[in-house]
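Reminder, nothing fancy here: chain letters follow the sequence lines and each chain counts from 1.
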Amino acid sequence: MTNDRRMIKAIRGTRDLLPPDTALWNLIETTARDVFRAYNLQEIRTPIFEATELFARGVGEETDIVSKEMFTWEDRGRAASDKAQSLTLRPEATAGIVRAYIEHKLWDRGLNKLFCVGPMFRRERPQKGRYRQFYQIDAEVIGPASAGSDSPARDAEILEMLATLLDRVGLTEWNLELNSVGCPNDRARFNEALRKALGPVKDKMCVDCQRRAVTNPLRVFDCKVPEDQPIIDKLPRIGQFLDEPCRQHFEAVQDILKGVGIPFHINDRLVRGFDYYTRTAFEFTHGGLGAQNAILGGGRYDGLSEALGGPPAPGIGFAIGEDRLVLSLQEKQSAESVTRRPAAYVAPLGAGMNREAARLARELRRQDLVIELGDESFRLKKLFETATKAGAKYILIVGENEAKADSFALKNLATGEQISVPRAELANKIRA
RNA sequence: GUGGGAGUAGCUCAACUGGCAGAGCACCGGACUGUGGCUCCGGUUGUUGCGGGUUCGAUUCCCGUCUCCCACCCCA
């Protein structure tokens, strides 16, 4: 025992998700699972931590995430002869899934359509819509090219699925931003052209752009400084450097999207943060999220498997920022409104009635009714108050008279209507 | 990692220039021992984020620190 009364709090950037908000999280996750099923996606669960090297090689050594935002530690060996191993809490899901694809030779199954729901970890400074432990709903379509994994039809299918999902959870006014970042050759030529174009003008730009012009010219397109925009507008675009196959691929994706009626904007300034992205890159954005306006992002990563030591395995995937989707949704509908309220509150009245009430509650719950159960120590007034507060539709009074008659007082809390219902008919009456 | 703002009851917020920490909602009990929501009465609301300093005295002023919010950065 200790006298230390200091409260232990959730650590920076982590938070507790409490009811009724969790109802909204569940709505999103169950809707996602429903939609994914219609597209024949299946669930994969990978470990929450992996070898640090996986992310270094997969995401890219130079990215901010890998170079300064990972939770990494040395895991000591079990014996003195064992080497310590550097482990990392996953900052994103794709690398782990592709690792599993390679490890379990999932190419034997042809095209893999996988999804994964869970927490990710990045050591960033927290702000609205940005947490150190956050949740992603992630999906990947990956397989050998012979299974059609590199087809633009897959890209369009994923995008159409996402539009369906957002509509289904009730998020309106989303925006699909679409671009192609080409293949590595295209990007190398583009990068060179960018550097060349930036050389004479970069001194007139903001300090961030001057730095980016040297380290990662692509990122210049993220700049939001108004004075820089005229300069950025005159820079070359990745679209001018796509080779013929990449250009046709991008055209085909757009053509299918138009065919299925999914609206999108070409955003030729859209670049992605990870090294592994190729060709199609996209973001769904939503206002009202402040600076973190992307609720989901993704793209194609045709070379990732090989970078991780696997066979060629083109793929496309996305990650939904679940925290951000919840934030966007909360503007539209309250968490209370999606909470499932008890159908009935079983109210044991008088000493010894807990036993009978428990029997009744068990019978009703077995018929898939949401039942809240009171306690015999409560007086009738308190039973009513508790039932009302719980949002129950009915209160079911279980007193001595009722137990004797095997017929129970069922009262509609909203209308005040009360009837006596024999045990066998209770479930139907409550459901009606 | 950088810059700015804010932390007072479970929640939303007051407290003059440094002078006894408050209101509403919520919660608990009673009026009211088999029929609620209304009303009335009563009660707890709390190391004023935490730790120092100045002062007879600090929610108030100073320093440090933690957390949240906003922006940068980055991304989902």
Q: Could you tell me whether A:G399 contacts a base, only the sugar-phosphate backbone, or nothing, with contacts defined as non-hydrogen atoms closer than 4.0 Å?
A: base
Q.
Quick check: any donor-acceptor pair below 3.5 Å linking the side-chain of A:R130 to the base of B:rC73?
A. yes
Q. In whole Å, what separates the C1' atom of B:rG24 from that of B:rU2?
A. 41 Å
Q: Let me know the distance between CD1 of A:I395 and P of B:rG37, rounded to the nearest Å.
A: 12 Å
Q.
In whole Å, I'd like the distance from the CD atom of A:E29 to the C1' atom of B:rA76.
A. 15 Å
Q. Can you tell me how far the CD atom of A:E322 sits from the CG atom of A:L17, to the nearest 0.5 Å?
A. 8.5 Å
Q: Please report, rounded to the nearest Å, how far the P atom of B:rG5 is from the CD atom of A:Q127.
A: 17 Å
Q.
Any strand counts, and the cut-off is 3.5 Å on both contacts for Watson-Crick or G-U wobble. Which nucleotide pairs with B:rC68?
A. B:rG5
(Q) Under 4.0 Å, heavy atoms only, any strand: does A:L325 hit a base, just the sugar-phosphate, or nothing? (A) nothing
(Q) As a test of reading the structure: which of B:rU35, B:rA76, B:rG1 is closest to the side chain of A:L380, going by heavy atoms? (A) B:rU35
Q. For the pair made of CD in A:E124 and P in B:rU67, what is the distance, rounded to whole Å?
A. 16 Å
Q: Scan every strand shown for a Watson-Crick or G-U wobble partner of B:rU54, both distances under 3.5 Å, and answer none if you come up empty.
A: none
Q: Compute the centroid of each ring, for A:F115 and then for A:F36, and state whether the two points are separated by less than 6.0 Å.
A: yes
Q) Nearest nucleotide by nearest heavy atom, which residue falls closer to the 5' end of RNA chain B, A:E385 or A:L296? A) A:E385
**Q.** Short side-chain N/O contact from A:K382 to OP1 or OP2 of B:rG29, under 4.0 Å
**A.** yes
(Q) Taking side-chain contact (heavy atoms from CB on, under 4.5 Å) as the criterion, tell me which of A:I320, A:L166, A:L162 meets it with A:I295. (A) A:L166
Q: Would you mind reporting whether A:L54 and A:T88 have side-chain heavy atoms less than 4.5 Å apart?
A: no
Q.
Could you tell me how far B:rG34 sits from B:rC27 if I compare only their C1' atoms? Round to whole Å.
A. 26 Å
(Q) Judged by each residue's nearest nucleotide on RNA chain B, which is more toward the 5′ side, A:K411 or A:G321? (A) A:K411
Q.
What's A:R15 touching, base or sugar-phosphate or nothing? Going by heavy atoms closer than 4.0 Å.
A. nothing
Q: Answer yes or no: side-chain N or O of A:T388 and base N or O of B:rG37 forming a donor-acceptor pair under 3.5 Å.
A: no
Q. What is the distance, rounded to the nearest whole Å, between atom CD1 of A:I11 and atom P of B:rU67?
A. 9 Å
Q) Whole-Å distance between B:rC66 P and A:K9 NZ? A) 11 Å
Q: Select base, sugar-phosphate, or nothing to describe what A:G298 touches, counting heavy atoms under 4.0 Å on all strands.
A: nothing
Q: Tell me the partner of B:rG43, counting only Watson-Crick (N1-N3 plus N6-O4 or O6-N4) or G-U wobble (N1-O2 and O6-N3) with both under 3.5 Å; none if nothing fits.
A: B:rC27
(Q) Once hydrogens and angles are ignored, does a donor-acceptor distance under 3.5 Å link the base of B:rC68 to the side chain of A:R12? (A) no
Q: Would you indicate whether the side-chain heavy atoms of A:R130 and A:Q127 approach each other to under 4.5 Å?
A: yes
Q. With a non-hydrogen cut-off below 4.0 angstrom, is A:E69 in contact with a base, only sugar-phosphate, or nothing?
A. sugar-phosphate
Q | For atom CD of A:Q133 and atom P of B:rA76, their distance in whole Å | A | 17 Å
**Q.** Pair of N/O donor and acceptor under 3.5 Å linking B:rG29 base with A:R379 side chain
**A.** no
**Q.** C1' atoms of B:rA15 and B:rC68, separation to the nearest Å
**A.** 23 Å
Q: Indicate whether OP1 or OP2 belonging to B:rU35 is found under 4.0 Å from a side-chain N or O atom of A:Q418.
A: no
Q) Any side-chain heavy-atom pair from A:F250 and A:R279 closer than 4.5 angstrom? A) no
Q.
Below the 4.0 Å mark, does B:rU33 have OP1 or OP2 next to a side-chain nitrogen or oxygen of A:K381?
A. no
Q | P gap between B:rC74 and B:rU17, integer Å | A | 44 Å
Q: Between B:rG10 and B:rA71, how far apart are the P atoms? Round to whole Å, please.
A: 29 Å
**Q.** Whole-angstrom distance between B:rA21 and B:rC70, as gauged at atom P
**A.** 35 Å
Q.
Distance check needed: B:rA76 C1' versus A:K128 NZ, whole Å only.
A. 15 Å
Q: Indicate, yes or no, whether a donor-acceptor pair under 3.5 Å links the base of B:rG34 to the side chain of A:E402.
A: yes
**Q.** Minimum-distance nucleotide (side-chain atoms of A:D64 versus B:rA76, B:rC74, B:rG1)
**A.** B:rC74
Q) Is B:rG36 paired to anything, Watson-Crick or G-U wobble with both distances less than 3.5 Å, and if yes, which nucleotide? A) none
Q: For B:rG37 versus B:rU44, give the span between their P atoms, rounded off to a whole number of Å.
A: 25 Å
Q) Contact class for A:G129 (heavy atom, under 4.0 Å): base, sugar-phosphate, or nothing? A) base
Q. A:F384 on top of B:rG37's base, within under 5.5 Å and under 30°?
A. no
Q: Please measure how far the C1' atom in B:rA26 lies from the corresponding atom in B:rU67, and state the result in whole Å.
A: 25 Å
Q) Is any side-chain N or O of A:R125 closer than 4.0 Å to OP1 or OP2 of B:rC68? A) no
Q. Heavy atoms under 4.0 Å, any strand shown: does A:N401 hit a base, just sugar-phosphate, or nothing?
A. base
Q: Write down the atom of A:A319, the atom of A:Q136, and the distance for their closest heavy-atom approach.
A: CB-OE1, 3.4 Å
Q | Side chain of A:R123 - closest among B:rA76, B:rC28, B:rG1 | A | B:rG1
Q: Measure up the A:F190 and A:F241 rings against each other and bin them: parallel (under 30°), tilted (30 to 60°), perpendicular (over 60°).
A: tilted
Q. Just checking, is any N or O donor in the side chain of A:S180 or A:T280 under 3.5 Å from an acceptor N or O on the other one?
A. no
